[in-house]
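Worksheet: the structure to be examined is printed underneath.
The analysis underlying the following values was restricted to heavy atoms, covering all of them including side chains, and did not include hydrogens, waters or symmetry mates. Numbered from 1 within each chain, the chains take letters A, B, ... in sequence-line order.
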2 protein chains.
Amino acid sequence: MREFDERDDALDKAFLALADPVRRRIIARLSRGSATVNELAEPFEMTKQAVSRHIQVLEHAGLITRSRDGQRRPCHLAPGALEELTAWIDSYRLVAEAQFRRLDSLLDNMSNNVQKEEPS
Amino acid sequence: MREFDERDDALDKAFLALADPVRRRIIARLSRGSATVNELAEPFEMTKQAVSRHIQVLEHAGLITRSRDGQRRPCHLAPGALEELTAWIDSYRLVAEAQFRRLDSLLDNMSNNVQKEEPS
DNA sequence: TATATAGTCAACTAAATGGTTGATAAACAT
DNA sequence: ATGTTTATCAACCATTTAGTTGACTATATA
């Protein structure tokens, strides 16, 4: 009954948010502690409005949260959000690694069989 | 002398590639073993050309590789590619967690000080 | 040779992204 | 009350993305 899968949508937004060097640098900066929009915008050769929208993308992706401090709107890394992404990646990474190991032992068996069959 | 940072570009492409449910399902499928374009396209209500381009996006992002088997072009998960993404995420995740722990102990100290100053 | 199968290329359209400038809101400071 | 700082909203433009259809290449097969 739902137009789209909510988990898909959450992953879409999170991965898309990270698919931009500006937004990744913002994440990197916030990993060392909270910061305001002006502080986050300062290193970039781009208008503050543009950075403000990058921040909104990160916020809607659930990667950061914001609070209110007078006229400031400090940004904080959302605890747990990055874990969800690594969890998704790792789930398939581990399956693939198991698959590779299975292939390795299959090749081992084949070469063993060759050795066994060779003498015949 | 370079237009853009190569590492940035690689991360851009990889995260962008994962920011799509179709491409994530392709990755999920390939984690269980190689598959041809037709096999990958079959579950989707979309032309084979569209899926073919999704596959190219994954390939240019370095997430999958392709080989030749007659008229088939089997796709395989690129070993090690997913690790690089978790490595990027984890590097900041761990910094952030250390930061949270530091904040926790700071708050602990403050509440201890309050307790000590209370009696005065 | 002809024909089917696997896959890509090219051109087109609709929608989303990423940036700009200019106006505005909200909290502070004088 | 007026002005300053912090940040967002709105309109606009250029570029990219994601899908379509139709033509095409290349390999396999009758």
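Put simply, CD on Gln56(A) is 14 Å from C1' on dG19(C), counting in whole angstrom units. Between the P atom of dC9(C) and the CD1 atom of Ile55(B) lies a distance of 12 Å, rounded to the nearest Å. We find that CG of Leu18(A) is positioned 17 Å from C1' of dG18(C), with the value rounded to whole Å. In this entry the distance linking CZ of Phe44(A) with P of dA7(D) reads 15 Å, nearest Å. Between the P atom of dA7(D) and the CG atom of Leu40(A) lies a distance of 9 Å, rounded to the nearest Å. Distance NE2 (His60(A)) to C1' (dT17(C)): 15 Å, rounded to an integer number of Å.
Within residues 30-39 of chain A, no residue has any heavy atom closer than 4.0 Å to DNA chain C.
Closest approach of Ser31(A) to Val95(B), counting heavy atoms only: O-CG1, 3.4 Å. What you find for Ile26(B) and His54(B) is that their closest heavy atoms are CD1-CB, 4.2 Å. When every heavy atom of Ala50(B) is checked against every heavy atom of Met46(B), the shortest pair comes out as CB-CG, 3.3 Å. Smallest separation of non-hydrogen atoms from Ala78(A) and Gly62(A): CB-O, 3.3 Å. When all heavy atoms of Lys13(B) and His60(B) are compared, the pair lying nearest together is CD-O, 3.8 Å.
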Every protein N/O lying under 3.5 Å from an N/O of nucleotides 23-30 of chain C:
residue : atom : partner  : partner atom : Å
dA27(C) : N3   : Gln71(A) : OE1          : 3.2

Report each atom pair, protein N/O against N/O of nucleotides 14-18 of chain D, whose distance is under 3.5 angstrom.
residue : atom : partner  : partner atom : Å
dA18(D) : OP1  : Arg23(B) : NH2          : 3.2
dA18(D) : OP2  : Arg23(B) : NH1          : 3.3

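Side-chain atoms of His76(A) and Ser34(A) form a donor-acceptor pair, as typed in the model, at a separation below 3.5 Å.
Close to dT8(C), at under 4.0 Å from its OP1 or OP2, lies a side-chain N or O of Arg66(B). Side-chain nitrogen and oxygen atoms of Ser52(A) include none within less than 4.0 Å of the OP1 or OP2 phosphate oxygen of dA7(D). Distances shorter than 4.0 Å separate some side-chain N or O of Thr47(B) from OP1 or OP2 on dT20(D).
Leu30(B) contributes atom CG, which lies 10.5 Å from atom CG of Leu63(B) (distance to the nearest 0.5 angstrom). Within the model, atoms CG of Asp20(B) and CG of Leu11(A) stand 11.5 Å from one another, a figure rounded to the nearest 0.5 Å. With rounding to the nearest 0.5 Å, the separation of CG in Leu16(B) from CG in Leu18(A) is 11.5 Å.
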**Prompt:** For Arg24(A) and Asp12(B), what are the C-alpha separation, side-chain angles and deciding distance, and is it a side chain to side chain contact (heavy atoms under 4.5 Å, CB included)?
**Reply:** CA-CA 9 Å; Arg24(A) 284 197 303 276; Asp12(B) 284 0; 2.8 Å; yes

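Just one of Val51(A), Ile55(A), Val57(A), Ile64(A) meets the side-chain contact (heavy atoms from CB on, under 4.5 Å) condition when paired with Arg23(A); it is Val57(A).
Minimum atom distance to the side chain of Lys48(A) is reached by dT6(D), of the listed dG7(C), dT6(D), dT8(C).
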